[in-house]
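The block underneath contains the structure these notes are about, expressed in C-alpha cells.
Side-chain atoms are counted along with the backbone in the values below, which use heavy atoms only and exclude waters and symmetry mates.
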Amino acid sequence: HEKRLDKILLGFEEGPWWVRDPSGACDHVLLPLLRAFAARSLMSSAASTVALLRGETGAYVNVRIGKPWDFAPGTLLVREAGGIACAPDGTELRWDTMRTMDVVFAASRPILEVILAITRPWYEHLRTDWENKDFPPENCPECSDLEENEGAKTVSKPQAFPCPYC
C-alpha cells in the first residue's frame with residue numbers, strides 16, 4: 001500500500017541561520033521540501049533517526065547542523081534496516097571531515113528520489129560555487145572572520161550562525 005507523498009512525514013533539521021543563508025538554501029531546499037512533504041523537527045538526529053526506523057517518518061534530512069559522530073550510528077542502522085543514507089546530492093557520505101555535514105536518510109528509493117530532485121540542484125550549484133572560490137569564501141560570514149594565528153586559522157569573533165559553506 002503506497003502512501004501519497006504529501007502524507008509521508010519528513011523528519012527535518014536545519015540550522016537557525018537558514019533563513020539568512022546567502023546561498024539560497026531556504027528558498028531552494030527548505031520551502032520545496034515543505035511543499036512536498038508534511039514535516040516535523042525534533043532537533044535531534046538520534047530521535048529523528050529512531051522515528052524513521054520505527055516507520056513514523058519516511059525520510060530524514062539534516063542540513064548543516066550535525067557532525068559526523070551525529071550521523072555515523074544512524075547511517076549504519078538505516079542501511080542495516082534496508083534504508084538509504086546519502087548526501088543531499090545523492091553521493092556517498094564522506095567521513096573524512098570534522099566540519100558539519102548534510103545527510104538524507106530515506107526508507108525507500110521513491111521517497112529518496114523526490115528529496116534528491118529538490119536538494120541535488122542546490123548542492124551541485126553550491127559545490128561548483130565552492131570549487132571556484134579560494135578559502136575562505138568572500139561571502140561567508142564565519143570564514144571571512146578567520147585570521148591566521150601561528151599558521152592555524154581561528155575565528156576572530158564569535159559568530160551568530162554556522163558557516164553555510166563549511
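- The shortest non-hydrogen separation linking I118 to A36 is CD1-CB, 4.1 Å.
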Checking side-chain contact (heavy atoms from CB on, under 4.5 Å) for the pair T57/R40: CA distance, chi angles, key distance, verdict?
-> CA-CA 9 Å; T57 60; R40 76 172 181 195; 4.0 Å; yes
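- Donor-acceptor pairing under 3.5 Å is recorded for the side chains of E13 and S48.
- Proximity of L93 to V103: side-chain heavy atoms (C-beta onward) are separated by under 4.5 Å at one or more points.
- F37 is listed as a side-chain neighbour of V114, based on a closest heavy-atom distance under 4.5 Å.
- Counting heavy atoms from C-beta on, the side chains of N62 and V104 never come closer than 4.5 Å.
- Distance check, rounded to the nearest 0.5 Å: CZ of R120 to OG1 of T91 gives 9.0 Å.
- Atom OG in S41 sits 10.0 Å away from atom CG in L10 (nearest 0.5 Å).
- Side-chain contact between V78 and Y60 is absent, with no heavy atoms from C-beta onward closer than 4.5 Å.
- Using bins of under 30°, 30° to 60° and over 60° for the plane-to-plane angle, the ring pair F71/F105 lands in the perpendicular bin.
- Between C86 atom SG and I115 atom CD1 the span is 8.5 Å, to the nearest 0.5 Å.
- Looking at heavy atoms from C-beta onward, T75 lies in side-chain contact with W95 at the 4.5 angstrom threshold.
- Counting only heavy atoms from C-beta outward, the side chains of D89 and T119 never approach each other to under 4.5 Å.
- Formation of a donor-acceptor pair under 3.5 Å by the R79 side chain with backbone atoms of I84 is not found in this model.
- At a threshold of 4.5 Å between non-hydrogen side-chain atoms, the residues P68 and M101 count as touching.
- Annotation: the span from L116 atom CG to I111 atom CD1 amounts to 12.0 Å, rounded to 0.5 Å.
- Using a 4.5 Å cut-off between side-chain heavy atoms of Ile, Leu, Val, Met, Phe, Trp and Tyr, with links allowed through other members, L42 and L52 fall into different hydrophobic clusters.
- Sorted by first and then second residue, the salt bridge (Lys or Arg N to Asp or Glu O under 4.0 Å) pairs involving residues 104-113 (not counting sequence neighbours) are R109-E113.
- Linking ILVMFWY residues whenever their side-chain heavy atoms come closer than 4.5 Å, directly or via other members, leaves L53 and L76 in distinct clusters.
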Could you walk me through whether L9 and E56 pass the side-chain contact (heavy atoms from CB on, under 4.5 Å) check?
-> CA-CA 7 Å; L9 189 58; E56 297 168 7; 5.6 Å; no
